Number of protein chains: 2
Amino acid sequence: MKLHPQEIEARFRRHAVRVTRQRTAIYAALAETTSHPSADDLYQMVKRQQPMMSRNTVYYTLSVLRDAGLVREVNVGHDMARYDGNVSMHHHLICLGCGQIMDVMDDDLNRLQLSSGQARGFDVLGHRVEFHGYCVSCRQARRDVPSRRG
Amino acid sequence: MKLHPQEIEARFRRHAVRVTRQRTAIYAALAETTSHPSADDLYQMVKRQQPMMSRNTVYYTLSVLRDAGLVREVNVGHDMARYDGNVSMHHHLICLGCGQIMDVMDDDLNRLQLSSGQARGFDVLGHRVEFHGYCVSCRQARRDVPSRRG
DNA sequence: CCCTAGTCAGGAATGATTCCTACATAGCAT
DNA sequence: ATGCTATGTAGGAATCATTCCTGACTAGGG
């Protein structure tokens with residue numbers, strides 16, 4: 001979703017995050033897409049508008065936004081971290097072929113709980129559900145070339 | 001669970017995995033613990049019995065066992081991969097303080113499904129549920145030293 | 001308009017994992 | 001049992017996402 005710069009600035013101030021050109025651009029790029037980009041993806045996107053942008057700044061900014069609760073870090077496998085501008089409670093559907101991540105909004109999944117016996121004294125703060133499979137185009141590709149990983 | 005070497009060998013042969021001293025030791029170490037060790041943890045454990053063991057062999061062996069379905073890779077955050085000798089369907093309860101991973105066996109969680117509308121044409125093969133929180137001792141530690149992350 | 005804590009850029013460092021390669025060995029066939 | 005060959009192993013180098021360091025810059029309160 002495309003956001004007005006002043007809306008981004010308002011969110012930053014609400015979360016006590018200093019407003020800078022770099023941060024605004026990074027957050028805008030993330031809010032505009034639903035593709036859950038990696039830090040480097042964001043770096044590439046933002047560098048087009050701001051060639052001086054450092055990869056380091058992207059990492060630093062994402063950590064600031066993450067700690068402020070403006071951004072969510074999504075980890076899939078042991079690949080690089082990917083980021084999600086949607087911080088409302090939701091879960092993910094992940095393609096094992098191309099790695100794309102789709103959002104799943106489902107109240108039943110949001111309400112999952114452990115019984116007290118299963119919780120083993122943990123103070124459970126949240127949970128995450130990931131569904132894994134193959135998207136339409138990767139299913140097609142796999143039919144064409146059945147591989148050893150099949 | 002402590003396994004007899006011949007049981008390990010039988011499992012390997014059943015899954016078309018060549019039997020070697022190194023693999024037997026790595027798999028035995030993993031089967032013996034419920035602590036979901038990392039590749040390097042396993043390297044440290046096994047090196048006591050086999051000082052020539054290479055860290056590389058541990059990585060290679062884990063990839064072989066993973067592909068054979070004898071071992072499961074568990075990824076938490078963007079930390080190093082951790083391994084689970086329990087390949088039956090189950091989920092995890094993870095401490096955000098110390099990183100310990102406990103197994104959760106629950107048929108209701110095992111049966112979770114997406115509606116066809118939510119699945120968006122994906123061929124969904126499986127899912128994973130992680131509960132996050134603080135274990136008893138980390139809750140205690142956090143009460144003692146309330147931090148900015150609190 | 002000034003000050004200063006918080007940011008930024010860029011290069012170096014880290015650390016898990018993978019790659020490369022020469023030597024060793026499991027396990028099949030003889 | 002013996003030899004053969006595809007596979008596995010050791011260890012060092014390479015990779016690559018991420019973090020650390022440091023000196024220059026700037027947002028935003030006073």
Side-chain angles (χ1 to χ4, degrees), chain A residues 5-6 8-27 36-68 70-71 73-83 99 148, chain B residues 5-6 8-27 29 36-44 46-68 70-71 73-83 99 148:
Chain A
Q6 63 230 44
I8 294 176
E9 183 169 334
R11 289 191 191 181
F12 281 11
R13 293 195 193 285
R14 228 177 289 138
H15 289 258
V17 168
R18 274 208 192 176
V19 179
T20 69
R21 233 173 355 100
Q22 292 88 335
R23 290 177 179 190
T24 305
I26 292 165
Y27 186 73
H36 306 79
S38 68
D40 200 65
D41 292 337
L42 286 165
Y43 171 62
Q44 301 299 341
M45 293 182 217
V46 170
K47 200 167 52 151
R48 272 180 238 136
Q49 305 140 39
Q50 300 188 23
M52 290 297 287
M53 173 71 66
S54 154
R55 187 180 268 101
N56 201 347
T57 299
V58 177
Y59 278 103
Y60 180 65
T61 297
L62 288 171
S63 78
V64 168
L65 297 178
R66 178 194 352 97
D67 291 352
L70 281 163
V71 146
E73 201 174 295
V74 183
N75 296 104
V76 180
H78 43 71
D79 288 342
M80 53 203 162
R82 294 176 56 175
Y83 292 85
R148 67 228 124 75
Chain B
Q6 65 230 46
I8 295 177
E9 183 169 335
R11 289 191 190 181
F12 282 11
R13 292 194 194 285
R14 228 178 288 137
H15 289 258
V17 168
R18 273 209 194 176
V19 179
T20 69
R21 236 173 352 102
Q22 291 89 336
R23 292 176 175 189
T24 305
I26 292 166
Y27 186 73
H36 306 79
S38 68
D40 200 65
D41 292 338
L42 286 164
Y43 170 62
Q44 300 301 340
V46 170
K47 199 166 54 150
R48 273 180 237 133
Q49 305 140 38
Q50 300 189 24
M52 289 299 285
M53 174 70 66
S54 155
R55 187 181 269 101
N56 201 346
T57 298
V58 176
Y59 278 102
Y60 181 66
T61 296
L62 287 171
S63 78
V64 168
L65 296 178
R66 180 199 343 102
D67 291 352
L70 282 163
V71 146
E73 202 174 294
V74 182
N75 296 103
V76 180
H78 42 73
D79 289 343
M80 53 200 162
R82 295 174 58 173
Y83 292 86
R148 69 227 124 80

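Source: prediction; values computed, not measured. The sequence lines fix the lettering, A, B, ..., with proteins before strands; numbering per chain opens at 1. The figures that follow rest on heavy atoms only: side chains count, while hydrogens, waters and symmetry mates do not.
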Quick one: is [X] getting a side-chain N or O under 4.0 Å of the [N] phosphate, OP1 or OP2?
X	N	value
Q22(B)	dA10(D)	yes
T61(B)	dT9(D)	yes
T20(B)	dT9(D)	yes
T57(B)	dA10(D)	yes
R18(B)	dT25(C)	no
R21(A)	dC8(C)	no
Y59(A)	dT19(D)	no
R23(A)	dC8(C)	yes

How long is the line joining [atom1] of [X] and [atom2] of [N], in whole Å?
X	N	atom1	atom2	value
L62(A)	dT7(C)	CG	P	14 Å
Y83(A)	dA17(D)	OH	C1'	10 Å
D67(A)	dG6(C)	CG	P	14 Å
R13(B)	dA26(C)	CZ	P	10 Å
R55(B)	dT18(C)	CZ	P	14 Å
Q50(B)	dG8(D)	CD	P	16 Å
F12(B)	dA26(C)	CZ	P	13 Å
I26(B)	dA10(D)	CD1	C1'	12 Å

Measure the OH-CG distance between Y59(A) and D40(A) for me, rounded to the nearest 0.5 Å.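 Answer for the OH-CG pair, Y59(A) versus D40(A), is 6.0 Å.
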Say you draw a straight line from CZ of R14(B) to CG of L70(B); how long is it, rounded to the nearest 0.5 Å?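 Separation between the atoms: 9.0 Å.
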Quick check: closest heavy atoms across G99(B) and R82(B), and the distance to 0.1 Å? O-NH1, 2.7 Å
Using a heavy-atom cut-off of 4.0 Å across all strands, would you classify R82(B) as base, sugar-phosphate, or nothing?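 Touches nothing.
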What is the nucleic acid contact for V64(B), judged by heavy atoms within less than 4.0 Å: base, sugar-phosphate only, or nothing?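 No contact at all - V64(B) keeps every heavy atom at 4.0 Å or more from the nucleic acid.
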Most 5' of Y60(A) and N56(B) on DNA chain C, judged by nearest nucleotide: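 Upstream on the strand: Y60(A).
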Going through the distances and angles, do R13(B) and V19(B) end up as a side-chain contact (heavy atoms from CB on, under 4.5 Å)? CA-CA 7 Å; R13(B) 292 194 194 285; V19(B) 179; 3.9 Å; yes
Counting heavy atoms from C-beta on, name the nucleotide in dT18(D), dT17(C), dA9(C) closest to the side chain of S54(A).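 Ranking dT18(D), dT17(C), dA9(C) by closest atom to the S54(A) side chain puts dA9(C) first.
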Ignoring hydrogens and angles, tell me if any N or O in the side chain of T61(B) forms a donor-acceptor pair with the backbone of T57(B) under 3.5 Å.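 At least one qualifying donor-acceptor pair exists.
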